[in-house]
Amino acid sequence: MSPEEKSSQRSEGLRQRLLHKLLYCTGDMQHLHTLMQDQPLSVQLLEWSLRGVSSVIMVDNPVSGALILIALTLSSPWQAVLGSVGLFASTVTAIIIGYERVEMSRGQYGYNGMLVALLIGVFSAAGDWYWWLLLPACLAGATTTFVSSGLAPVLDRWDLPVSVFPFNTVLLLYLSCTGTSNPYYPNYPAQPLGAPLINNNTQLHIPKLLKGVVLGVGQIYACDVLGPTVLILGAVLLFSPILALHALLGSGIGTLAGLSVSVRRDALYSGLTGFNGALGCMAVGGLLFTLNWRTHVFAIICAFLSSYADIAFSNVLANMGLPSSSWAATLTVILMLLATGRALSSYRIQSRQNSPEQYLQTPSQWTENNISSNLV
């Protein structure tokens with residue numbers, strides 16, 4: 001065998017090993033989750049926390065969570081610290097109270113705590129590395145766990161998820177309590193998306209607009225830097241290409257919705273008009289329903305409704321200095337779940353534990369699988 005052939009074989013073997021390792025990190029990594037069952041609680045807590053980081057964007061993958069945490073650190077180390085504190089506080093609170101281990105291991109009690117801590121940092125006027133802010137971040141993160149446990153029995157009656165209701169609720173309560181002139185925890189007032197600017201009628205900057213579509217995905221984590229946002233999008237892609245596609249699609253739809261009602265240019269360019277559309281499109285287009293042409297159309301409709309509702313909520317709540325956060329996407333997705341038409345209900349995923357790609361099947365196959373699992 002010639003040296004060239006040996007070199008070619010080594011290169012091919014290396015590519016195959018790299019591909020195998022990459023495939024090992026895709027999906028929900030159930031194999032890693034099973035392996036962690038025999039590990040000490042501290043090691044398991046690390047996996048739970050990383051899954052909680054990724055659950056903010058509807059992903060269940062610890063490697064994706066690690067990539068997202070790296071992205072947040074690159075964007076703002078202080079924000080990464082605050083988010084980690086909120087995540088840890090909410091997860092530990094769930095452990096102390098004694099909630100179901102299965103739900104905790106999937107990060108279900110961590111992502112609301114992380115979100116509220118991130119947004120507390122975003123609206124804080126005290127600047128970075130204001131260490132006293134760790135106290136409300138910790139308390140607010142723990143509070144989301146209590147709110148989640150209180151809402152769960154109520155929403156379960158209608159087969160609805162708790163989603164980010166705790167985050168939205170606790171954030172509004174915190175900002176309403178502290179206000180903009182608090183001597184210890186001052187906050188910036190939220191600006192309405194529809195507020196006119198002097199240069200709002202100037203010509204659109206297309207490259208900035210396209211950048212804003214990508215940044216709409218990063219704004220789910222309150223990240224407005226392009227590089228870390230691309231890393232976040234890559235983390236979603238690692239878990240599910242379907243979710244990554246719907247994230248970009250929903251953000252683009254949100255940008256179109258913002259253009260149609262002439263929102264602030266800086267909101268378009270920073271992705272603020274896109275993240276609710278991205279959340280709504282991801283939830284309907286892969287998280288809560290099996291993907292087919294009907295649910296894809298509903299995902300697009302949900303993205304438009306979420307985006308327009310976000311603009312409306314923003315204009316109303318900003319009069320009180322409060323942000324609309326993700327209320328629009330949350331309420332719109334709940335509306336979609338309450339829809340009883342066969343076009344949606346027959347594709348509903350009752351208990352999601354895998355990536356959307358594993359649910360690509362017809363309604364009859366889905367019904368048969370449900371019947372078989374019930375019989376077992």
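When reading the values below, keep in mind they use all heavy atoms of this one structure, side chains included, and skip hydrogens, waters and symmetry mates. The structure displayed is predicted, hence computed values, not measured ones.
No continuous path of hydrophobic side-chain contacts links V81 to V225 [ILVMFWY only; heavy atoms under 4.5 Å]. A continuous path of ILVMFWY side-chain contacts below 4.5 Å connects W327 to L322, so both sit in one hydrophobic cluster. There is a path of hydrophobic side-chain contacts, each under 4.5 Å, that joins L133 to L139. When the side chains of ILVMFWY residues are joined at heavy-atom separations under 4.5 Å, either directly or via intervening members, I334 and M58 end up in a single hydrophobic cluster. L173 and L135 fall into different hydrophobic clusters, defined by Ile, Leu, Val, Met, Phe, Trp and Tyr side-chain heavy atoms under 4.5 Å apart, directly or through other members.
If you chain together ILVMFWY residues whose side-chain heavy atoms come under 4.5 Å of each other, V316 ends up in a group of its own.
In this structure, A318 and Q191 approach most closely via the heavy-atom pair CB-C, 3.9 Å. C138 and A89 make their closest contact through O-CB, 3.4 Å (heavy atoms, listed as atom of the first residue, atom of the second, distance). Contact record, L243 with M282: CD2-O, 3.6 Å, taken as the closest heavy-atom pair.
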Does the pair S324 and D310 meet the rule for a side chain to side chain donor-acceptor pair (under 3.5 Å), with working shown? CA-CA 6 Å; S324 58; D310 179 48; 2.7 Å; yes
Under 3.5 Å, side-chain donor or acceptor atoms of residues 119-132 against the rest of the protein: list the pairs with distances, not counting sequence neighbours.
from : atom 1 : to   : atom 2 : distance (Å)
S124 : OG     : A126 : N      : 3.2
Y130 : OH     : Y184 : O      : 2.8

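Checking S326 against N168 by side-chain atom types alone, a donor-acceptor pair falls below 3.5 Å. Of the N and O atoms on the side chains of S260 and Y308, at least one donor lies less than 3.5 Å from an acceptor on the other residue. Remark: the N61 side chain and the S54 side chain contain no N/O donor-acceptor pair separated by less than 3.5 Å.
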